[in-house]
Asks: 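Attaching a single structure in structure tokens format; questions to follow.
Residue numbering restarts at 1 for every chain, and letters A, B, ... go by the order of the sequence lines.
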2 protein chains.
Amino acid sequence: MVISADIGLFDFSVENSIINAKKSIFKYIRSMLSKKTKYGIKALAFIAKKGDRKPVQTSEISKSENISQKFLESILLELRKSGFLGSKKGKGGGYYLIKEPEDIRMTSVIRVLEGPIAMVPCVSLNYYEKCDDCPSEEACSVHSLMIQVRDSTLKVLGDNTLADISAKK
Amino acid sequence: MVISADIGLFDFSVENSIINAKKSIFKYIRSMLSKKTKYGIKALAFIAKKGDRKPVQTSEISKSENISQKFLESILLELRKSGFLGSKKGKGGGYYLIKEPEDIRMTSVIRVLEGPIAMVPCVSLNYYEKCDDCPSEEACSVHSLMIQVRDSTLKVLGDNTLADISAKK
DNA sequence: TTTATAACCTACTAATCCGATAGGTTAATA
DNA sequence: TATTAACCTATCGGATTAGTAGGTTATAAA
């Protein structure tokens with residue numbers, strides 16, 4: 001019985017790695033950071049890099065960063081509505097930062113564009129939601145693990161400002 | 001212009017917080033950890049808690065942890081195929097651990113059930129994939145940030161074993 | 001040897017979200 | 001007055017998630 005279990009383990013491990021290989025080649029890899037958030041951060045970094053406060057057009061960012069212009073428009077609009085950017089219409093218009101890059105933490109950007117930073121709503125600070133299945137969060141084996149993950153992620157994202165990530169070249 | 005920008009900021013910040021409030025009440029909160037993975041970890045912890053190596057039935061775990069039995073079946077099957085569990089058919093059958101809980105790291109469980117741990121494929125160690133839009137990963141403002149997040153998450157998940165999370169009560 | 005059990009397998013589904021597209025309106029500049 | 005660029009509304013295909021349904025195979029007990 002032990003032997004057959006071992007053989008089973010071996011066979012299936014091989015089989016599984018093939019499945020995973022196929023997965024990575026042919027299938028969509030689930031990403032925890034949406035393109036929306038990714039594009040939003042890139043756009044903010046692009047604007048921050050320019051340094052001056054002159055409005056930057058969506059079209060310029062779109063071309064330079066290979067982002068669909070229409071999609072980017074909606075993202076920048078959202079960033080304006082949530083207080084990261086100011087805007088100016090008409091010729092010479094565009095978007096500009098209304099805070100110093102040093103004062104824009106990645107946590108706040110991601111919370112606006114992506115939503116919760118925690119991997120699970122029941123440990124989210126800003127988007128908390130109780131699990132339907134868990135009678136007690138203390139008894140849940142996943143809960144404390146996810147709190148640890150949340151805190152370590154929060155530390156990284158809270159320590160990094162727009163100034164930090166746009167300094168990289 | 002500065003004044004109108006400020007007013008705009010204020011108005012929209014308020015509006016946005018209302019939108020977010022509605023979001024958390026009425027809408028689905030995106031979770032980075034699928035229920036599949038969550039249930040899988042819970043099931044492993046359940047089996048580990050029992051201590052002895054006697055097979056545990058899917059139905060028992062399903063009832064105790066409030067998980068759809070059919071869904072759980074598919075998860076435990078996957079955990080067996082990827083080498084975490086052994087199984088026994090027929091009466092008195094079920095699933096049992098084939099490794100010590102101390103030797104099962106959360107990183108490996110999550111990689112099997114969820115896929116990549118990184119937030120973005122371009123910084124994933126086990127599921128790497130190049131971004132279509134980025135010409136250079138070094139120049140990407142998101143890249144190094146995501147590496148930091150990945151490493152801190154990896155640290156937490158690598159330090160926690162099944163023994164650690166099932167010890168909690 | 002039959003019967004009950006529980007793992008195993010295959011296929012399908014509703015709901016949801018993501019990323020994008022299309023087409024138009026408003027406001028500011030030249 | 002014409003052009004520009006932000007702003008707004010609606011819609012969509014493709015993909016995933018979290019199941020459900022219904023059966024087959026292997027094992028243990030009767």
Asks: Given dA5(D), is OP1 or OP2 found less than 4.0 Å from the side-chain N or O atoms of S87(A)?
Replies: no
Asks: Can you tell me the distance, in whole Å, between the NZ atom of K89(B) and the P atom of dA29(D)?
Replies: 17 Å
Asks: Whole angstrom is fine here: how far is it from CG in L76(A) over to P in dC8(D)?
Replies: 13 Å
Asks: Identify whether any heavy atom of T58(B) sits under 4.0 Å from a base atom; if not, whether one sits that close to sugar-phosphate; answer base, sugar-phosphate or nothing.
Replies: sugar-phosphate
Asks: Quick one: E60(B) CD to dA7(C) P, roughly how many Å, whole number?
Replies: 11 Å
Asks: Take the protein atom CG of L85(A) and the nucleotide atom P of dC7(D), then report the distance between them rounded to whole Å.
Replies: 10 Å
Asks: To the nearest angstrom, how far is L33(A) atom CG from dC17(C) atom P?
Replies: 18 Å
Asks: Between dC7(D), dG19(C), dA18(D), which nucleotide has the shortest distance from any of its atoms to the side chain of K36(A)?
Replies: dG19(C)
Asks: Under 4.0 Å: is that the gap between some side-chain N or O of Y39(B) and OP1 or OP2 of dG19(D)?
Replies: yes
Asks: Among dG19(C), dC9(C), dG19(D), which nucleotide has an atom closest to any side-chain atom of K35(B)?
Replies: dG19(D)
Asks: Let's see if you can work this out: which of dC7(D), dG19(C), dA18(D) has an atom nearest to the side-chain heavy atoms of Y95(A)?
Replies: dC7(D)
Asks: Could you state the atom-to-atom distance from NZ of K88(B) to P of dA6(C) in whole Å?
Replies: 12 Å
Asks: Using whole Å, report how far CD1 of I61(B) lies from P of dA7(C).
Replies: 8 Å
Asks: From dC8(D), dA6(C), dA20(C), pick the nucleotide closest to the side chain of F71(A)?
Replies: dA20(C)
Asks: Nearest to the side chain of L77(A), which nucleotide is it out of dG19(C), dA6(C), dC8(D)?
Replies: dC8(D)
Asks: Between dT26(C), dT4(D), dC9(C), which nucleotide has the shortest distance from any of its atoms to the side chain of K91(A)?
Replies: dT4(D)
Asks: Report the distance from atom CG of L162(B) to atom CZ of F84(B), rounding to the nearest 0.5 Å.
Replies: 9.5 Å
Asks: Quick one: is the NZ or CZ of K35(B) closer than 6.0 Å to the six-membered ring centre of F71(B), and within 45° of its axis?
Replies: no
Asks: OP1 or OP2 of dA6(D) less than 4.0 angstrom from a side-chain nitrogen or oxygen of Y96(A), does that happen here?
Replies: no
Asks: Between dA20(C), dC8(D), dG19(D), which one does the side chain of S68(A) approach most closely?
Replies: dA20(C)
Asks: Check this for me: does any side-chain nitrogen of one of D133(B) and K38(A) sit under 4.0 Å from a carboxylate oxygen of the other?
Replies: yes
Asks: Less than 4.0 angstrom from a charged side-chain N to a carboxylate O is my criterion; do K155(B) and D151(B) meet it?
Replies: no
Asks: For the atom pair CD (E73(B)) and CD1 (I67(B)), what is the distance rounded to the nearest 0.5 Å?
Replies: 12.5 Å
Asks: Without decimals, in angstroms, what is the distance between K54(B) NZ and dA28(D) C1'?
Replies: 15 Å
